[in-house]
Amino acid sequence: MRKECKAHCPSEPVTPEERLNRRLHQCGHYLYHHATGPRQTTVIHLLQENGPMSQRDIQEAMDIQAGSVSELISKLESKGFLLRQRDEADKRKVTISLTPQGLALEAVHPEQVLARRYSVLSREEQAQLTLLLEKLLESWDTGGYGQ
């Protein structure tokens with residue numbers, strides 16, 4: 001069983017709604033702070049295939065905004081998978097390279113990341129969970145009680 005968040009959630013959930021809310025919060029927290037998403041995996045995969053690259057080269061290879069690349073790189077850097085280094089000749093240029101920890105990662109295609117993450121659920125369970133979450137989001141988006 002996962003450790004409960006004592007600082008933010010001091011008491012055990014009493015109602016099924018409180019329990020559901022707690023679990024959704026924990027899933028969101030985990031995905032945001034701990035999971036390596038498909039885009040992060042794409043960055044790692046690019047660096048494994050090409051060696052050190054500029055932030056601009058990564059941006060162009062992935063066809064995404066500069067701010068998005070910067071955020072991806074920051075998350076991967078905080079996890080210890082890559083390193084940013086300023087070019088001594090041109091201080092504006094930043095080279096991104098994998099750390100030993102990043103190099104040791106199994107070369108996994110981004111599509112495999114999600115397949116592994118949700119493999120504990122059968123295809124039917126994944127479909128059911130997706131439908132239930134979509135139902136909640138649709139309700140909240142159309143003025144439901146999402147506040």
Side-chain angles (χ1 to χ4, degrees), residues 1-86 94-147:
M1 190 78 181
R2 294 187 55 81
K3 276 196 293 184
E4 292 296 325
C5 171
K6 300 294 182 195
H8 299 263
C9 316
S11 63
E12 280 299 311
V14 176
T15 67
E17 294 84 3
E18 289 174 330
R19 186 167 186 248
L20 174 61
N21 199 58
R22 172 101 36 106
R23 296 300 177 244
L24 286 172
H25 174 78
Q26 288 171 325
C27 287
H29 184 272
Y30 178 84
L31 289 171
Y32 185 81
H33 292 286
H34 303 290
T36 303
R39 284 180 140 187
Q40 292 176 14
T41 304
T42 299
V43 172
I44 291 168
H45 188 72
L46 281 169
L47 293 169
Q48 285 174 336
E49 286 186 345
N50 302 302
M53 298 174 71
S54 72
Q55 192 164 323
R56 179 90 171 149
D57 290 340
I58 294 170
Q59 176 189 347
E60 289 174 2
M62 294 180 69
D63 193 28
I64 60 176
Q65 298 293 319
S68 297
V69 171
S70 182
E71 183 179 347
L72 288 169
I73 290 169
S74 291
K75 285 181 181 179
L76 290 167
E77 187 176 33
S78 71
K79 293 176 184 180
F81 294 138
L82 55 82
L83 187 62
R84 292 184 220 223
Q85 294 174 309
R86 289 238 176 249
V94 176
T95 301
I96 311 301
S97 59
L98 291 170
T99 62
Q101 184 181 352
L103 287 167
L105 290 173
E106 180 183 346
V108 176
H109 287 279
E111 303 82 37
Q112 294 173 307
V113 172
L114 294 177
R116 283 186 187 177
R117 180 173 299 151
Y118 301 110
S119 65
V120 68
L121 300 174
S122 69
R123 288 286 188 193
E124 294 78 24
E125 290 169 327
Q126 290 178 35
Q128 184 180 18
L129 179 59
T130 300
L131 288 172
L132 291 170
L133 292 172
E134 287 171 349
K135 186 175 182 177
L136 274 176
L137 289 169
E138 184 178 320
S139 169
W140 296 342
D141 285 344
T142 58
Y145 298 101
Q147 289 79 320

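- For R56, the salt bridge (Lys or Arg N to Asp or Glu O under 4.0 Å) partners are E60, not counting sequence neighbours.
- By the side chain to side chain contact (heavy atoms under 4.5 Å, CB included) test, S78 is found to be paired with no residue, residues two or more places apart in sequence or in another chain being considered.
- Listed by chain and number, the residues in a side chain to side chain contact (heavy atoms under 4.5 Å, CB included) with N50 are L46, M53 (sequence neighbours excluded).
- Distance check, rounded to the nearest 0.5 Å: CD of Q48 to NE2 of H45 gives 7.5 Å.
- By the side chain to side chain contact (heavy atoms under 4.5 Å, CB included) test, Q126 pairs with Y118, L121, R123, sequence neighbours left out.
- Residues D57 and S54 approach most closely at N-OG, 2.9 Å, considering heavy atoms.
- Atom OG1 of residue T41 and atom CZ of residue R116 lie 9.5 Å apart, to the nearest 0.5 angstrom.
- Using a 4.5 Å heavy-atom cutoff, the side chains of I44 and T42 are not in contact.
- Partners of T130 under the side chain to side chain contact (heavy atoms under 4.5 Å, CB included) rule, at least two apart in sequence or in another chain, are E134.
- Residue L82 holds its CG atom at 6.5 Å from CD1 of I73, rounded to the nearest 0.5 Å.
- With contacts defined as side-chain heavy-atom distances shorter than 4.5 Å, the pair I58/Q55 does not qualify.
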Distance-only donor-acceptor pairs under 3.5 Å for side chains of residues 62-71, two or more places apart:
from : atom 1 : to  : atom 2 : distance (Å)
E71  : OE2    : K75 : NZ     : 3.4

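- In this structure, a donor-acceptor pair under 3.5 Å is absent between the side chains of Q101 and K79.
- Between the CD atom of Q128 and the CG atom of L133 there is a distance of 10.5 Å, given to the nearest 0.5 Å.
- Within the 3.5 Å criterion, the main-chain N or O of K135 finds no donor-acceptor partner in the side chain of S139.
- Taking the side-chain hydrogen bond (donor to acceptor under 3.5 Å, both in side chains) definition, one finds that E77 meets it with R84, sequence neighbours left out.
- Heavy atoms only, all atoms of each residue included: L83 and Q85 are closest at CD2-NE2, 3.9 Å.
- In this structure, T99 OG1 and L47 CG are separated by 10.5 Å, a value rounded to the nearest 0.5 Å.
- Distance check: L131 CG to L136 CG gives 11.5 Å after rounding to the nearest 0.5 Å.
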- Task: Go through V43 and Q40 one step at a time and tell me if the side chain to side chain contact (heavy atoms under 4.5 Å, CB included) criterion holds.
- Result: CA-CA 5 Å; V43 172; Q40 292 176 14; 5.8 Å; no
